Amino acid sequence: MSFVKGSKLLSYIDYRMRVTLSDKRMLVGTFMAFDKHMNLVLGDTEEYRKLRARAVDGKQAEEREQKRVLGLVLVRGENVVSLTVEGPPPPQDDERLTPGGPGQARPAGRGSAVPNGPGVGFGNGAAP
């Protein structure tokens, strides 16, 4: 499957994005992934919503904004109204935690071949 229309969205991976939901909430987080249904994965997400205080004695109610830290979030595409860029991705460090380049493949775990035959305690009891 190719993402011809998704290529524009693909360029915003790792950006800080603001997502407006159909219930007027806003999520701000690191844009990590999406699919053909516009389901989104956001990391380090914060939720913002506006709360209205009740009007008392004819006074106009004040609106205040409530913030909640959510972390890693999967947003159903059906609820997404808009997607806006909040900030660029973090700068890439030249130093990596692990060295780059080709590695060496070795079998590991169950079903892997034993390189030098059976170990001590198998077969005729003689050490290899």
Side-chain angles (χ1 to χ4, degrees):
M1 169 185 279
S2 72
F3 282 102
V4 176
K5 290 186 177 182
S7 63
K8 179 76 171 174
L9 265 183
L10 207 52
S11 65
Y12 291 113
I13 296 290
D14 290 333
Y15 273 67
R16 197 85 176 140
M17 301 293 277
R18 177 181 299 264
V19 179
T20 305
L21 301 178
S22 57
D23 62 356
K24 306 295 187 215
R25 285 182 295 168
M26 286 186 288
L27 302 176
V28 177
T30 305
F31 185 44
M32 300 175 81
F34 68 98
D35 65 3
K36 65 181 180 179
H37 303 289
M38 198 58 187
N39 296 324
L40 307 175
V41 177
L42 300 172
D44 299 327
T45 308
E46 298 168 340
E47 175 194 48
Y48 297 92
R49 63 183 186 150
K50 296 192 184 216
L51 298 174
R52 280 189 239 148
R54 293 184 180 177
V56 180
D57 297 330
K59 293 182 182 177
Q60 189 171 1
E62 293 182 19
E63 278 192 359
R64 63 184 176 95
E65 192 169 70
Q66 182 183 29
K67 174 185 169 183
R68 248 189 349 171
V69 177
L70 301 177
L72 187 66
V73 175
L74 173 67
V75 182
R76 185 176 170 93
E78 193 174 68
N79 298 324
V80 175
V81 174
S82 71
L83 200 58
T84 345
V85 175
E86 276 285 303
Q92 294 289 336
D93 292 335
D94 289 340
E95 297 179 24
R96 294 185 186 175
L97 296 176
T98 58
Q104 187 175 19
R106 294 184 192 155
R110 296 179 182 223
S112 63
V114 179
N116 295 329
V120 178
F122 293 104
N124 61 4

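None of these values were measured; they are calculated from a predicted model. Basis for what follows: all heavy atoms, side chains included, without hydrogens, waters or symmetry-related copies. We count residues from 1, following the sequence as given.
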Between atom [atom1] of [X] and atom [atom2] of [Y], what is the distance when rounded to the nearest 0.5 Å?
| X | Y | atom1 | atom2 | value |
| --- | --- | --- | --- | --- |
| Lys50 | Arg64 | NZ | CZ | 13.0 Å |
| Arg68 | Leu27 | CZ | CG | 9.5 Å |
| Glu46 | Lys67 | CD | NZ | 4.0 Å |
| Asn79 | Arg25 | CG | CZ | 8.0 Å |

Checklist line | Heavy-atom pair with the smallest gap, counting every atom of Asn39 and Gly77 | finding: OD1-N, 2.7 Å
Are [X] and [Y] close enough that some pair of their side-chain heavy atoms sits under 4.5 Å apart?
| X | Y | value |
| --- | --- | --- |
| Leu9 | Phe31 | yes |
| Leu83 | Leu40 | yes |
| Val41 | Leu72 | yes |

Are [Y] and [X] connected in a single hydrophobic cluster, I mean Ile/Leu/Val/Met/Phe/Trp/Tyr linked by side-chain heavy atoms less than 4.5 Å apart?
| X | Y | answer |
| --- | --- | --- |
| Leu21 | Phe34 | yes |
| Leu10 | Val80 | yes |
| Leu42 | Met26 | no |
| Val81 | Leu70 | no |

Who are the side-chain contact (heavy atoms from CB on, under 4.5 Å) partners of [X], not counting sequence neighbours?
| X | value |
| --- | --- |
| Glu62 | none |
| Gln66 | Arg49, Leu51 |
| Val85 | Tyr12, Tyr15, Met17 |
| Lys24 | none |

Item checked: Pairs flagged by salt bridge (Lys or Arg N to Asp or Glu O under 4.0 Å) wherever residues 81-92 is involved - sequence neighbours left out -> Arg18-Glu86
Note to self: Tell me every residue that passes side chain to side chain donor-acceptor pair (under 3.5 Å) with Thr30, counting only those two or more places apart in sequence or in another chain.
What the structure shows: Arg16
Checklist line | Met32 atom CE: more than 12 heavy-atom contacts under 6.0 Å | finding: no
